Amino acid sequence: MTTTVPTLDQPLPAELTGLHHGWFTRYRRWPVFSPNWVRQRWLHVGVVLLLSLSPMFIGVFSTDNPANRPWLGLTELVLVMLTAATAGPLLGLWVRRRGWDERREWWGLVAAIASVVAVLLLFQAHAAEPLKQYIAERTGDVDEHGKRRRIVMMIGMTIRAPDDPVAEQQEQEEQQDPVRTTLDYVLRGSIVFLLAGGLGLRGWRREREGLAALARERALAEAQAQRREAELRLSVLAAQVEPHFLFNTLAGVRSAIATDPARATEMIERLVEYLRAAIPRLRSDGSAQATVGGQFDIVRAYLGLMAARMPRLSWSVQADEALLRRRFPPLMLISLAENAIKHGVEPKIGPVRVDVRAERSDDGRLALVVEDDGAGFGASAAGTGLGLANIRERLAQLYGERAALSLKARPGGGVSATIKVPLEDA
C-alpha cells in the first residue's frame with residue numbers, strides 16, 4: 001500500500017501525534033526534518049546547551065587567573081555542539097525536500113547524519129589541536145616551550161595545575177592508549193550523533209509506519225462505510241420494489257378497477273410517480289439528491305402511494321423553502337417513513353396519520369422528523385432493527401457526535417423519530 005505522506009509544511013495527523021503538546025514536545029506535531037521541526041528543535045537544543053554549559057561559563061568568568069580560564073576548550077566544545085545541532089537537521093531537511101522514494105530518502109538521511117558525525121570527529125582528531133595551538137600562540141596563552149597551556153576542567157573548576165609535568169606526562173600516555181582513544185571517540189561520536197538529529201532517524205521510521213497504519217485504518221473504515229452504504233441501498237431497494245410490495249399494490253389496483261376505477265387510476269399514477277422518484281436515485285451515488293428537497297421528493301411519492309393503497313392514511317410533508325437546499329444524507333428519511341408505515345400504520349385499525357417535517361432545532365442543527373399516531377412501540381413483531389442500526393452507524397461515520405437518531409413514544413400514541421445533523425449547504 002502506498003503511504004500518503006503530508007507535505008513538510010503540514011502537521012502530522014492528530015491520530016499519530018495526539019492533540020495536546022507542551023513546549024518541549026511541540027516539534028513532534030511536524031514531520032521529522034521538516035522546517036518547523038528543525039526550527040523548534042534548534043530552540044530546544046539551544047536551551048539545553050545553555051543550561052548545560054552555564055556552569056562552565058560561570059567558572060570562566062568568575063576568576064581573574066588566566067590559567068583557570070579555558071577559553072580554547074570551551075570554544076571548541078560549543079563550536080562542535082552548535083555545528084552538529086545545526087548541520088545535521090539542515091542536511092536532513094535538504095534530503096526530505098528532494099522528494100525521493102522511501103528507501104532512497106532513508107539512506108539519504110542516514111548518510112546526512114553520518115557525514116556530520118564523521119566530519120566533526122575528523123576535525124577533533126586532526127584539526128582541533130593545531131587550531132587551538134594556533135590561537136594560543138596568537139593570544140600568548142603558551143608555556144615556556146611554546147606549547148598551549150592545558151587545563152583539565154570539570155564544571156568550571158580546575159582540578160590540576162596547568163604546568164604539572166607529571167600530569168602532562170600522564171595525559172600524553174592516556175592519549176596514546178588505543179582503548180581510551182576508542183572509547184573517547186565512541187563517546188564523542190554518540191554525543192554528536194544525538195545533537196545532529198540521530199534520534200530523528202528513529203522518528204522518521206515511526207512516522208512512516210504510523211502513516212502507513214493510519215492509511216490502512218482509513219481505507220478499512222472507508223470500505224466498511226461503503227459496504228454499509230451498499231447494504232442499506234440494497235435493503236431500501238428491496239423494501240421498495242420487493243414482490244410483496246408490488247403484489248399488494250397491484251392487487252389493490254385490480255380490486256379497485258371493478259369497484260372504484262378512479263382510485264385504481266390514482267394508485268397506478270402514484271406507483272409510477274414513486275418509481276420515477278426512487279429508482280434513479282438508488283442507481284446514482286446519491287450526491288445530486290443528498291438534500292432535504294431530494295429526499296422529500298421520494299418520501300412524498302412513497303406516502304402518496306401508501307395513501308392510495310390505504311385511504312385511511314393521511315399524511316403531510318412540510319419544510320421551509322430555505323431548508324430544502326440543505327445537505328442531508330440519502331436513504332435515511334425514506335427508511336424512517338417505511339418504518340412508520342410498517343410498524344405504526346399497518347398494525348393499527350382505523351384512521352392513521354404520518355407527518356414528515358424539516359426544521360431547525362434549538363441547538364442550531366437540521367432536524368428531520370417522522371411522526372405517526374399509529375400502533376406505537378411493540379405493536380409489530382416484524383423487523384430486526386437493522387435499518388435503524390445502519391442509520392446510526394452512517395451518522396457516526398459521517399458526522400461523529402454531531403449527529404444523532406432518536407425515537408420516542410408520543411403522548412397520544414405512535415412514535416416520533418428524529419434525525420439531527422449539522423446544518424450544511426449543498
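Quick caveat, the model's predicted, so the values are computed rather than measured.
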If only atom types and distance count, is the side chain of [X] paired as donor or acceptor with the main-chain N or O of [Y] below 3.5 Å?
X	Y	result
Arg205	Leu201	no
Asp372	Val354	no
Gln10	Thr7	yes
Gln295	Met332	no
Lys420	Arg402	no
Ser115	Ala112	yes

Count the heavy atoms belonging to other residues, nucleotides or ligands that lie under 6.0 Å from [atom1] of [X], then report whether that count exceeds 12.
X	atom1	value
Arg360	CZ	no
Arg206	CZ	no
Trp100	CH2	yes

> Do Tyr302 and Ile334 pass the side-chain contact (heavy atoms from CB on, under 4.5 Å) test, and can you show the C-alpha distance, the side-chain angles, and the key distance before you say yes or no?
Replying inline: CA-CA 8 Å; Tyr302 175 75; Ile334 185 63; 3.8 Å; yes

Nearest heavy-atom neighbours spanning [X] and [Y]:
X	Y	value
Met306	Leu313	CB-CD2, 3.7 Å
Phe377	Lys408	CE1-C, 3.8 Å
Val32	Gly200	CG1-O, 3.3 Å
Ile113	Phe33	CD1-CZ, 4.2 Å
Lys348	Asp373	NZ-O, 2.7 Å
Val292	Ala358	CG1-CB, 4.0 Å

> Among Ile391, Val421, Thr418, whose side chain to side chain contact (heavy atoms under 4.5 Å, CB included) with Leu405 holds?
Replying inline: Ile391

At what distance, to the nearest 0.5 angstrom, does [atom1] of [X] lie from [atom2] of [Y]?
X	Y	atom1	atom2	value
Leu43	Arg41	CG	CZ	12.0 Å
Asp320	Arg325	CG	CZ	10.5 Å
Glu338	Leu333	CD	CG	10.0 Å
Leu323	Leu423	CG	CG	6.5 Å
Asp297	Leu324	CG	CG	8.5 Å
Arg392	Ile419	CZ	CD1	9.5 Å

> Any side-chain donor paired with an acceptor under 3.5 Å for Asn36 and Ser34?
Replying inline: no

Report yes if some heavy atom in the side chain of [X] is under 4.5 Å from a heavy atom in the side chain of [Y]; otherwise report no.
X	Y	answer
Arg97	Leu8	yes
Phe296	Leu368	yes
Leu388	Leu336	yes
Asp355	Trp315	no
Leu398	Pro329	yes
Val117	Leu121	yes
Val299	Val370	no
Pro422	Leu366	no

> Residues two or more places apart in sequence or in another chain: which of them pass side chain to side chain contact (heavy atoms under 4.5 Å, CB included) with Glu217?
Replying inline: Leu214

> Quick one: salt bridge (charged side-chain N to carboxylate O under 4.0 Å, His left out) partners of Arg218, sequence neighbours excluded?
Replying inline: Glu15

> Does NZ or CZ of Arg202 lie under 6.0 Å from the centre of the six-membered ring of Trp204, at an angle within 45° of the ring axis?
Replying inline: no

Answer yes when [X] and [Y] have at least one side-chain N-carboxylate O distance shorter than 4.0 Å, and no when they do not.
X	Y	answer
Arg103	Asp101	no
Glu105	Arg96	yes
Arg326	Asp425	yes

>> Show, in sequence, the C-alpha distance, side-chain angles and deciding distance for Phe193 and Arg188, and conclude whether the side-chain contact (heavy atoms from CB on, under 4.5 Å) test is met.
In response: CA-CA 8 Å; Phe193 176 79; Arg188 290 170 182 254; over 6 Å; no

> Should Arg29 and Leu12 be marked as a side-chain contact (heavy atoms from CB on, under 4.5 Å) after you check the CA-CA gap, both sets of side-chain angles, and the distance that decides it?
Replying inline: CA-CA 6 Å; Arg29 296 178 55 245; Leu12 293 170; over 6 Å; no

> Looking at residues at least two apart in the chain, or sitting in another chain, which of them share a side chain to side chain donor-acceptor pair (under 3.5 Å) with Arg357?
Replying inline: Glu359, Glu371

